[in-house]
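Working notes for the structure below.
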Protein chains: 2
Amino acid sequence: MNETPRQNGTGMVEPLFIHLTKRLRVIARAFNKYSKYLQEHHRITIPQVICLREVHEHGPLTLGALTRIVSLNNSTVSGIVDRLEKQELLQRVRTSSDRRQIHLQMTDKGLHFLTTIPTPVPERFIEGMSRFSDSEIDRIVWAVDQLAELLGDEEHQQQ
Amino acid sequence: MNETPRQNGTGMVEPLFIHLTKRLRVIARAFNKYSKYLQEHHRITIPQVICLREVHEHGPLTLGALTRIVSLNNSTVSGIVDRLEKQELLQRVRTSSDRRQIHLQMTDKGLHFLTTIPTPVPERFIEGMSRFSDSEIDRIVWAVDQLAELLGDEEHQQQ
DNA sequence: CACAAATTATTGGTATACGAAATATTCGTG
DNA sequence: CACGAATATTTCGTATACCAATAATTTGTG
């Protein structure tokens, strides 16, 4: 067996973490699968849809502002915007007086696309959620929020 | 900042999904960050640790068996095993009578590594979890389990 | 004004993560 | 026994996702 030589006073934390890690992996895989489905049928992925929607909602945005909204690294967003621009769903423009900034702007094609594409919500999710009561859904949201708050939040932490 | 989607019925499912997607993104990012930390300090990543631990726990495994345990695509696991094998933490062997299968086997170096490496649990997680009561932790586990079951893989579904 | 420091976005390198195609081997059926 | 179907793994191409380094520009300070 595994006698952890570690000095952790709370012995049950590790199996808890492993359990949650595996379940989160299952969830991530489902998102990934749906992303592939969208890509095949609508030539777009979930991260791309999310970025495009944010640009649409919050008007012309700098790339840096977008990265903060979607919790992604600037280099990641740079690549996503590359692909969105290649499809002419949005465009990079240099309108700011600060010439370091680029602004992301919807194109007509992009606007039309957002009205055409179905809701980016997997059928399974809609079905599954409908089986929960309001208070159960509240509890799920609470739990995910707690985990995000606990682990998340940016700035200087190594672990 | 974000209003939690207070839902009911069917019309509010989309904001609920978007909300959860964003929070899960935050969680995934934290995992990613910790994975980078492990890589820098111990030359291994979270997916690699998870695969190595499974091979250790369940004895010699075929690659296919491992993919089912960790909920990853076979091509993904193939790459992870490549990197673990390059560091000589495990090895591919062809001992089965079925010569299509390869078995994954711990090496002495791999065994030693697992006793040396600290628990693969981020400090933030341990700290954060200690602030919850047992029933709160139960609720978090329940919620993540529900989401995983709801979205998770039951074979061939497109969405 | 000059020039270092800070800011913004891109580029390069590595590690997931997937599906599809290729490869190797075994199994099933005539 | 032959040969197509099924199975196990690897390879290839693409899309995230990160950090570090780079490039371009602006800001701050002497």
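First the proteins, then the strands, lettered A, B, ... as listed; each starts at 1. Both backbone and side-chain heavy atoms feed into the values below; hydrogens, waters and symmetry mates do not.
In terms of position on DNA chain C, the residue among R25(A) and I102(A) whose nearest nucleotide sits closer to the 5' end is I102(A). Take the nearest nucleotide of DNA chain C for D98(B) and for Q101(A): the residue whose nucleotide is more 5' is Q101(A).
Side-chain N/O atoms of R99(B) include none lying less than 4.0 angstrom from OP1 or OP2 on dA24(C). For S78(A) and dT10(C), the shortest distance from a side-chain N or O to OP1 or OP2 is below 4.0 Å. Under 4.0 angstrom from either OP1 or OP2 of dC19(D) there lies no side-chain N or O belonging to Q39(B). For T76(A) and dT16(D), the shortest distance from a side-chain N or O to OP1 or OP2 is not below 4.0 Å. Proximity of R29(B) to the phosphate of dC18(D): a side-chain N or O atom is located under 4.0 Å from OP1 or OP2. For R92(A), a side-chain nitrogen or oxygen approaches OP1 or OP2 of dT10(C) to under 4.0 Å.
Judged purely by atom type and a 3.5 angstrom limit, H41(B) uses its side chain to pair as donor or acceptor with the backbone of Y37(B). Between the side chain of T107(A) and the backbone N or O of E88(A) there is at least one donor-acceptor pair closer than 3.5 Å.
Taking atom CZ of residue R83(B) and atom P of nucleotide dA17(C), one finds them 10 Å apart after rounding to whole Å. Per the geometry, CG belonging to L61(A) stands 14 Å off P belonging to dT8(C), to the nearest Å. Following rounding to the nearest Å, Q87(A) (CD) and dT14(D) (P) show an atom-to-atom distance of 14 Å. One can place CD1 of I50(B) at 11 Å from P of dT16(C), the figure rounded to the nearest angstrom. For E85(A) and dA9(C), the CD to P distance is 13 Å, given to the nearest whole Å. Residue K33(A) contributes atom NZ, which lies 18 Å from atom C1' of dT16(D) at whole-angstrom precision. The separation between N73(B) atom CG and dT16(C) atom P is 14 Å, rounded to whole Å. Between the CZ atom of F31(A) and the P atom of dC18(C) there is a distance of 14 Å, given to the nearest Å.
Not a single donor-acceptor contact under 3.5 angstrom links the side-chain atoms of K36(B) to the base of dC19(D). Side chain R100(B) to base dT9(D): no donor-acceptor pair is found below 3.5 Å.
Note on S35(B): nothing from the nucleic acid sits closer than 4.0 angstrom, heavy atoms only. If you check every strand for non-hydrogen atoms under 4.0 Å, S97(B) touches sugar and phosphate atoms only. Using a 4.0 Å heavy-atom criterion, one finds that S96(B) contacts no nucleic acid atom at all. Within the nucleic acid shown, N74(A) comes within 4.0 Å of at least one base atom, counting heavy atoms only. Within the nucleic acid shown, S75(B) comes within 4.0 Å of at least one base atom, counting heavy atoms only.
Side chain to side chain, S75(B) and N73(B) meet the donor-acceptor criterion of an N or O pair below 3.5 Å.
For the atom pair CG (L24(A)) and CG (L24(B)), the distance works out to 7.0 Å, reported to the nearest 0.5 Å.
By the ring pair (Phe, Tyr, Trp, His ring centres under 6.0 Å) test, F31(A) pairs with F17(B), sequence neighbours left out. With sequence neighbours excluded, the residues satisfying side-chain contact (heavy atoms from CB on, under 4.5 Å) with R83(A) are Q48(A), I80(A).
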